[in-house]
Structures are given as C-alpha cells and as structure tokens.
2 protein chains.
Amino acid sequence: MDTYRKPQPEAEAPVVCRSCEARHGGLCSALTASQLIELNKHSFRKQIGCGNEVIGQGESVGTYSNILKGVIKLSKMMADGRQQIVGLQFAPDFLGRPFQSESTMTAEAATDMEICCFPRNVVDRMLNEVPEFERRLHSQSLKELDEARDWMLTLGRKTAQEKVASFLYLIATHIDPEEGDQQNFDLPLSRADIADFLGLTIETVSRQMTKLRKEGVITIENNRHVSVSRLEQLRQAAGIDSDW
Amino acid sequence: MDTYRKPQPEAEAPVVCRSCEARHGGLCSALTASQLIELNKHSFRKQIGCGNEVIGQGESVGTYSNILKGVIKLSKMMADGRQQIVGLQFAPDFLGRPFQSESTMTAEAATDMEICCFPRNVVDRMLNEVPEFERRLHSQSLKELDEARDWMLTLGRKTAQEKVASFLYLIATHIDPEEGDQQNFDLPLSRADIADFLGLTIETVSRQMTKLRKEGVITIENNRHVSVSRLEQLRQAAGIDSDW
DNA sequence: CGCTAGCTTGACCGGACTCAAGTGGTGTGG
DNA sequence: CCACACCACTTGAGTCCGGTCAAGCTAGCG
C-alpha cells in the first residue's frame with residue numbers, strides 16, 4: 001500500500017507518470033516535475049495491437065512517443081517486397097525522429113503494446129528549451145547507432161547459425177524484466193520477422209533453431225518460448241567475444 | 001588574391017578556419033567567430049597517410065576531429081579476424097564519439113587525408129555551453145543512423161550484384177567535388193575494403209565489377225577509376241527505387 | 001471435425017565462397 | 001634497359017551454405 005499523498009504546491013509529477021517514471025531511465029527523466037505536467041497535458045496513452053503499423057514508410061509523423069510495453073520493429077522494404085528489419089525498440093525507448101517530418105522506415109508493433117504519445121510541436125518546443133532533453137535524445141540516437149553497427153557485423157559477416165544465436169542473445173539481454181529473464185523468455189518476433197531481421201529465410205531460421213536445440217544450447221516450447229541453459233554458450237555460438 | 005584584411009576587434013574567424021569554413025556545412029558552422037577562435041586555440045591540423053589507424057577498437061580517445069579531406073572507414077572485427085566496415089565518413093564529417101571515451105570500432109584512413117583535431121575536454125565543454133553545437137552533432141548522428149540502416153538493407157537483402165552497384169552509387173553520390181563528379185571518380189577503397197563493406201569476398205566483388213563493366217553500366221581504368229554512363233542505370237542495378 | 005496459420009523438415013539447386021592460377025602495373029636492383 | 005619480385009586485382013574450377021520449392025506437422029478455432 002502506498003504512503004498517503006501529502007499535497008505539495010509544485011514539483012509533483014502527474015499521477016499517470018508516477019508508476020511510469022520508474023522505468024524512465026528514458027526520456028521523461030530529463031524533465032522536471034513541472035515540465036512533466038506541461039508535457040502531460042498534451043499527451044495520451046495508446047494501446048496498439050500486434051502487427052499494427054505505427055509509422056509508415058514515407059508517411060509524415062504528427063506525434064512522438066515513448067514505448068511503455070512491448071516491442072517495435074523498424075523495417076525497410078524494397079520495391080520488389082524484400083524486407084529488412086533495421087532495428088528493434090523496447091521499453092522505455094523513444095519512438096520518432098526529430099528534425100524530420102517524414103519517415104524512411106516503417107515502425108510496426110511486433111507484439112501487443114502500449115505507448116505514450118506526444119504531439120510533435122510540444123516536444124520540438126521542449127527540445128529547444130531543455131538542453132538536457134536534447135541530450136537524452138542524442139544519447140539514444142547514439143545507442144541506436146551502436147546497435148545498428150553491431151548488427152551490420154552480424155548481417156555482413158556471420159553465418160546463419162551465428163546470426164540466429166546472436167538474435168537469441170539480443171532478446172535474452174533486452175527482454176523486459178516483467179516478461180522474462182535472460183534464461184527464460186518468449187520471443188517477441190515470429191519466425192518470419194526473425195528472418196527479416198537476420199537477412200535469412202524462414203526455413204533457415206527454423207533449421208538453425210532446431211540445430212541449437214539439438215546441440216543443447218536452448219530448449220523451445222510452443223515455438224515461442226525459449227530457455228537458455230548457459231548464456232555463455234549462446235554468446236559463443238553467436239561469435240561474440242567477451243573481450244570487447 | 002585575397003582582399004586585404006581589415007582588423008576588426010571581435011567576430012573574425014581564425015585565419016586557418018577561413019578557407020575551411022566554406023566546406024563546413026559541418027560542425028564549426030554552429031559556432032560564432034569568437035567561439036571558433038577559442039576552439040582554434042587548442043586545435044591542430046594533421047595529415048594522415050592511407051591505412052593509418054586514427055582510433056583503435058577499445059582504445060580511449062583523447063581528441064575529436066573534423067575530416068577536411070579524404071575518407072575514413074569505420075570497422076568492426078571479430079575475434080577470428082572477420083571484418084565488417086560499418087561506415088564511411090567524408091569531409092566535412094565529424095569524427096569521434098561524445099559521452100563515451102572508449103571506441104567500439106576502429107577508424108582508419110581509407111585514403112591519404114587531412115583532419116582538424118580538437119581536445120576532448122574543450123569540445124565537451126562547448127557541448128554544454130552551445131546548444132546549437134549539440135544540435136549539429138545530434139543531427140550528424142541521425143544522418144549516420146539513417147545511413148547505417150540503409151546499409152543494413154543492403155547487407156541483409158541484396159544480391160552481390162546489387163551490393164556492388166549500391167557501393168558504386170554511394171561513392172558516386174558522396175565523392176568530394178574536388179576529386180571527381182558523379183560520372184567520373186576514383187574509388188577511395190581497395191577491393192578488400194569494398195568486400196569488407198559489402199559483406200562479400202574480394203573475388204565476388206571483382207567478378208561483379210567485371211559483370212557491370214561488360215553490361216555497359218560502368219567502365220574501369222587502372223582498377224580504381226570508374227566512369228558511370230547513366231547514374232539511373234546504376235541506381236537500378238543497385239535495387240534502389242527512386243520512389244522512396 | 002476440418003480449416004488455417006505458423007512452423008518444421010526434406011530434397012534439390014544455385015549463388016557466393018574457397019582455393020588456385022594468371023595478369024598487369026610498379027618499384028628495385030643489376 | 002631489362003629481370004625480377006611484389007602487390008592488387010582478375011579469372012577459373014569446384015564446393016558448400018543457404019535459398020527454393022514442396023510436403024508434413026501442430027495448435028488454435030470455427
């Protein structure tokens with residue numbers, strides 16, 4: 001049971017942000033309580049069903065948002081339909097692209113999810129007023145850049161086996177603690193999505209999963225639920241050397 | 001011949017920055033003349049020979065720099081020696097990673113080059129004092145992120161032929177105007193580098209170049225010099241659809 | 001019960017890799 | 001000036017990994 005709330009004239013975060021704030025190593029932690037209140041006036045939460053498009057390729061974007069729950073897949077598609085997932089985003093990542101109203105990718109809910117939306121103009125104004133706010137966004141961009149480049153190594157130079165192991169390792173280390181731990185989790189992506197993320201086909205993904213299972217690195221239940229016996233073994237299968 | 005310099009008490013950019021400034025759609029254009037003077041006190045230019053390492057993987061970095069001339073390749077290497085180039089940087093790109101003293105990649109001169117170096121602490125201080133400065137860096141990070149993700153599509157989903165065409169298209173559209181134009185340029189990378197950038201082997205790169213040559217898309221002289229007859233043809237071979 | 005969607009498995013194929021030899025341009029020493 | 005070595009690149013032959021195509025399996029659901 002929560003302690004009784006003493007009224008305080010200023011500097012009290014909006015009710016809706018309270019339980020949320022904890023997770024926010026994310027964006028909102030850059031704001032003071034009064035700034036949060038200001039932002040909160042214009043923001044709204046939204047449930048999104050698995051598979052729904054959040055931002056379309058070439059679409060203009062009117063809102064930014066924070067991911068509260070679930071996983072977003074960012075993907076690019078070629079004219080002939082070939083597709084590549086170029087990033088996954090987890091809570092509490094920020095979703096949206098400052099300084100550019102048009103998206104060059106599609107953002108789609110990989111799972112059922114909940115997001116917190118902010119109108120573009122409000123955020124853009126805050127960007128100019130609160131340097132720490134831009135610092136946070138910059139910092140997330142750099143994190144995404146690192147991840148993208150790590151994945152380029154995976155896409156360009158790893159074998160199918162290593163790719164699949166790398167994916168499992170990525171999920172194991174990024175899973176929302178509420179939904180599993182590093183030894184035991186549900187895959188947020190279908191085989192088709194995994195294939196698009198790894199630059200492989202569904203069949204190859206499936207075969208390599210089977211292989212990892214037979215080698216005792218993982219066990220699989222109901223197609224989606226994965227257990228990892230020793231994470232170190234998975235790292236190794238992924239070709240990740242701990243020294244770096 | 002330059003016009004004679006009238007002394008002005010303030011607001012005059014350092015001599016060394018003058019000819020440079022023109023190119024700087026880059027970082028320094030975010031600074032006022034007096035800020036430039038301040039930064040310039042601690043900065044120095046440096047020539048780097050082709051193949052030299054600028055920042056090593058896992059090394060700590062004491063300086064940032066601007067690229068004045070030449071091409072930097074950013075690469076990652078696996079424990080067994082497999083290598084992937086994860087980015088190319090051209091003048092006037094900024095080189096270095098704020099908020100993190102240790103690099104997760106190697107930065108190496110792909111060509112002979114010239115850079116302008118700034119001590120880390122001076123830049124970090126300016127980052128805090130000049131919001132526009134951070135805005136610029138943020139903006140470049142976002143540009144690099146877009147490029148990385150575009151390349152992920154290339155690495156994950158394109159054929160060898162399309163990869164090589166994509167590379168040639170990239171160079172054609174990024175080449176320093178002083179060193180060539182979109183129809184006619186020297187490749188800044190060796191076949192080995194191209195292979196590492198595309199996630200292919202040297203042999204495959206070579207074969208696909210030959211194929212593009214025989215199909216009349218390009219002509220090659222002295223291994224390095226490339227002429228493109230119709231850029232549109234190259235785009236097409238690269239699987240790039242103009243609609244996006 | 002059968003239908004469908006998502007996944008697995010099998011057989012075969014082909015594109016990119018491997019290994020090896022050949023070519024050409026450049027620098028060096030006799 | 002030629003002989004030679006060296007390096008970067010090209011070309012060829014054979015192999016293999018991952019793609020393609022097709023069939024089978026399983027769980028959920030009308």
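Every heavy atom of this structure was used, including side-chain atoms; hydrogens, water molecules and symmetry mates were not. Naming convention: chains lettered A, B, ... in sequence-line order (proteins, then strands); numbering from 1 in each chain.
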Next on the checklist: Please determine whether a side-chain nitrogen of the Lys or Arg among A:Arg97 and B:Asp146 lies less than 4.0 Å from a carboxylate oxygen of the Asp or Glu.
Outcome noted: yes

Checklist outcome for this item: Counting primed atoms, P, OP1 and OP2 as sugar-phosphate and everything else as base, the B/S/- map of nucleotides 8-24 of chain C against protein heavy atoms under 4.0 Å is BBBB----SSBB-----

Next on the checklist: Between A:Lys76 and B:Met152, is there a side-chain heavy-atom distance shorter than 4.5 Å?
Outcome noted: no

Checklist entry - Checking A:Glu53 side chain against A:Ala107 main chain: does a donor-acceptor pair fall under 3.5 Å? => result no

Item to check | Value rounded to 0.5 Å, distance of NZ in A:Lys158 from CH2 in A:Trp151 | outcome: 7.0 Å

Checklist entry - If you look at every heavy atom in B:Thr111 and B:Pro188, which pair is closest and at what distance? => result CG2-O, 3.5 Å

Checklist entry - Looking only at side chains, do A:Gln140 and A:Glu144 share a donor and an acceptor under 3.5 Å apart? => result yes

Next on the checklist: Take a 6.0 Å sphere around NZ of A:Lys46 and say whether it holds more than 12 heavy atoms from other residues, nucleotides or ligands.
Outcome noted: no

Checklist entry - If you walk 5' to 3' along DNA chain D, what is the first nucleotide with an atom under 4.0 Å of a heavy atom in chain B, and what is the last? => result D:dC9 to D:dA13

Next on the checklist: Check the orientation of B:His138 and A:His138. Use parallel for under 30°, tilted for 30 to 60°, and perpendicular for over 60°.
Outcome noted: parallel

Each nucleotide N or O in nucleotides 2-5 of chain C that has a protein N or O under 3.5 Å away: list the pair and distance.
none

Item to check | Pair A:Glu162 + A:Arg157, salt bridge at N-O below 4.0 Å | outcome: no

Checklist outcome for this item: Rounding to 0.5 Å, atoms CG (B:Asn184) and CD1 (B:Ile218) come to a distance of 12.0 Å

